[in-house]
Amino acid sequence: MSSLFNGVVWNSFSTGSSMLFKFITIPILARTLTPEDFGVVALCMTIILFFSFLGGNGGISAALIAKANANRLFWSSALITNVLIGTLLSFIVFYFSSSITSFLGSGNASKYLAVLSIMLPFQFAVDILASKAISNFDFKLEAKVNLVSDVAGGICALILALNGFGAWAIVAQNIIVVGLKFIIFMIVYINFFIFYVSINKIKSLLNFSVVSVWVEISNAITFQSPIFVSSKFDSIASSGYISVYSRIAALPCDIILTAISKVLYPLFSNFKKSEDSIFSFKCSIWVNSIVLIPILLFISANSEYISYVLLGENFSEYWTVLLFITLCRAIMIPTSIFNPFLKASGKISLLSKLFFLRSFLTVALSIPFTIYLGIDGLLYSLFITTVISFVFYVTKVCSALNIKLKVFFKIINPAFISGGVIFLLTYIPVYVVDLSPTLSFIISFVLSFISYFIVLFLYYPLLIKVRDIDSMKHFFLKCKDFN
């Protein structure tokens with residue numbers, strides 16, 4: 001339990017600090033760069049991400065974390081294999097950069113994609129190196145590496161953007177971030193890895209990693225295909241809107257979800273009793289839901305004001321993008337822990353089916369909706385896909401884990417009720433009462449803050465006694481919603 005707590009603290013600190021820095025830099029970049037600049041780089045980074053998963057990035061590392069007895073030969077073989085795959089893919093992307101971007105409706109993005117292709121071998125290496133830190137529960141190291149690289153990349157982007165480099169500022173940011181991560185991790189682990197590849201070791205990891213890779217590809221398609229679709233069937237500017245607003249919607253999610261998920265995957269892998277892992281699974285769902293759903297619904301209700309204040313006139317015209325993205329994220333928050341849990345508990349085939357369904361629905365609905373209704377149609381399709389996916393995810397996972405649907409909804413209901421109250425209390429001063437935007441936002445924030453804790457303590461009076469990790473554990477054990 002102490003490892004879990006320390007991991008959450010360090011990952012929350014790292015991710016929170018990085019997100020705070022991004023919260024400062026995004027508005028500056030949004031006022032300096034155009035939606036087209038963001039759209040071009042977002043498209044290129046999505047291509048890089050797709051090829052990264054296509055090459056197996058994320059699969060071998062996940063297999064290594066799940067394999068508790070992996071020695072340095074396993075890790076070294078995985079690192080070298082990943083680097084070789086990344087290098088090969090880098091050449092492929094570089095050579096075909098013009099053809100790929102032209103097919104996606106943005107031929108002028110080819111020069112950016114060609115430069116970004118050099119990231120791939122370093123990205124593949126970082127995947128293994130970071131996983132080594134996670135498998136050792138060395139969250140402090142990973143937190144420091146992420147923080148240093150994100151801050152350095154952000155500062156570079158700001159300097160270049162303010163000096164008129166346009167989209168190249170974001171290109172440089174991405175390259176610097178992955179480059180610094182690689183350098184720092186290699187300095188730390190230089191004496192652990194050996195220059196040797198064992199084919200047998202790699203083969204033993206492939207059965208798990210192949211399925212895991214398809215899970216990540218499906219997940220990437222779900223979240224990144226809107227950028228492809230909007231670029232191909234609407235405009236590159238639409239890709240920019242989706243990219244920027246996705247970053248804003250991700251700020252609260254990354255602090256909680258990234259921190260907790262990174263810790264829970266190796267922790268779930270080490271559980272010996274299924275009842276212990278199921279109990280931890282339920283607790284994780286509750287924590288994610290009760291914290292994030294109200295925050296996301298508050299952002300959704302204030303999306304017009306937040307868009308104008310944070311991003312200025314360049315992006316505020318399409319504030320509905322932020323409304324729909326945060327709303328969709330809020331709906332899917334209770335399912336966010338399914339990924340690490342199902343991987344660690346050996347039910348990765350179920351996970352792959354769930355992710356494939358969502359990715360298929362996303363693409364199948366978004367293309368015709370975007371063709372006929374533009375970016376608004378794309379947003380409608382994402383909302384429909386989210387609702388269908390949520391129902392399918394919950395029913396299938398609860399059935400596989402022998403969790404009653406009644407129990408699952410008892411866990412998440414307080415989060416949605418408090419979030420709904422916040423949404424309504426925010427909507428009234430912002431859209432009904434004739435007040436200034438700033439005063440409306442302040443009033444809605446105060447009302448939302450007070451109502452959240454009223455609802456929370458009405459549902460869970462024992463929360464008043466929670467002071468530390470032990471009292472939190474006692475709360476979970478006593479709470480009837482988890483049993």
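- Residues satisfying the side-chain hydrogen bond (donor to acceptor under 3.5 Å, both in side chains) test with Asp234, not counting sequence neighbours, are Ser238.
- Scanning for side-chain contact (heavy atoms from CB on, under 4.5 Å) contacts around Ser102 gives Ser98, with sequence neighbours left out.
- Going from atom CG of Leu43 over to atom CD1 of Ile242 covers 11.0 Å, rounded to the nearest 0.5 Å.
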Side-chain atoms of residues 109-117: list all donor-acceptor pairs with protein atoms under 3.5 Å, sequence neighbours left out, distances to 0.1 Å.
| residue | atom | partner | partner atom | Å |
| --- | --- | --- | --- | --- |
| Ser110 | OG | Gly107 | O | 3.3 |
| Ser117 | OG | Ala114 | O | 2.5 |

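- Judged as a ring pair (Phe, Tyr, Trp, His ring centres under 6.0 Å), and not counting sequence neighbours, the contacts of Tyr318 are Tyr241.
- Tyr95 is linked by a ring pair (Phe, Tyr, Trp, His ring centres under 6.0 Å) to nothing, counting only residues two or more places apart in sequence or in another chain.
- More than 12 heavy atoms of other residues, nucleotides or ligands lie within 6.0 Å of NZ in Lys232, so this atom counts as buried by the packing criterion.
- A donor-acceptor distance shorter than 3.5 angstrom exists from the side chain of Thr46 to the backbone of Ala42, with no hydrogens or angles considered.
- Minimum interatomic distance between Phe223 and Arg358 (heavy atoms only, all atoms of both residues): CZ-NH1, 3.9 Å.
- Here the CG-CZ distance, from Asp127 to Phe185, works out to 10.5 Å after rounding to the nearest 0.5 Å.
- Counting only distance, with no hydrogens or angles, the side chain of Asn174 and the backbone of Ile170 share a donor-acceptor pair below 3.5 Å.
- Remark: Ser149 pairs with no residue by the side-chain hydrogen bond (donor to acceptor under 3.5 Å, both in side chains) rule, at least two apart or across chains.
- Distance alone, capped at 3.5 Å, places no donor-acceptor pair between the Ser231 side chain and the Phe228 backbone.
- Side-chain atoms of Ser389 never come within 3.5 Å of backbone atoms of Thr386 as a donor-acceptor pair (strictly under, hydrogens ignored).
- Put simply, the side chain of Val363 does not reach to within 4.5 Å of the side chain of Val229, judged on heavy atoms.
- Listed by chain and residue number, Phe390, Val394, Leu405, Ile412, Asn413 satisfy the side-chain contact (heavy atoms from CB on, under 4.5 Å) test with Phe409 (two or more places apart in sequence, or in another chain).
- Judged purely by atom type and a 3.5 angstrom limit, Ser451 uses its side chain to pair as donor or acceptor with the backbone of Ser448.
- In this view, Phe298 and Phe441, Phe445 satisfy the ring pair (Phe, Tyr, Trp, His ring centres under 6.0 Å) rule, not counting sequence neighbours.
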Test side-chain hydrogen bond (donor to acceptor under 3.5 Å, both in side chains) on Ser359 and Thr222; report intermediate values, then the result. CA-CA 4 Å; Ser359 63; Thr222 297; 4.7 Å; no
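- A search for side-chain contact (heavy atoms from CB on, under 4.5 Å) contacts involving Leu162 returns Ile28, Thr32, not counting sequence neighbours.
- Of the possible donor and acceptor atoms, none in the side chain of Ser300 sits under 3.5 Å from a partner among the backbone N and O of Leu296.
- Judged purely by atom type and a 3.5 angstrom limit, Asp37 has no side-chain atom pairing as donor or acceptor with the backbone of Gly166.
- With sequence neighbours excluded, the residues satisfying ring pair (Phe, Tyr, Trp, His ring centres under 6.0 Å) with Phe182 are Phe122.
- Residue pairs meeting the ring-ring contact (aromatic ring centres under 6.0 Å, His included) criterion with at least one member in residues 321-340, sequence neighbours excluded, are Phe281-Phe338, Phe324-Tyr380.
- Under the side-chain contact (heavy atoms from CB on, under 4.5 Å) criterion, Leu357 pairs with Leu361, Phe392, not counting sequence neighbours.
- Under a 3.5 Å cut-off, the side chain of Ser90 and the backbone N or O of Gly86 do not form any donor-acceptor pair.
- Within the 4.5 Å cutoff, side-chain heavy atoms of Phe408 are placed close to those of Pro334.
- In summary, of the residues considered (Ile375, Leu378, Asp376), a side chain to side chain contact (heavy atoms under 4.5 Å, CB included) with Val321 occurs for Ile375 alone.
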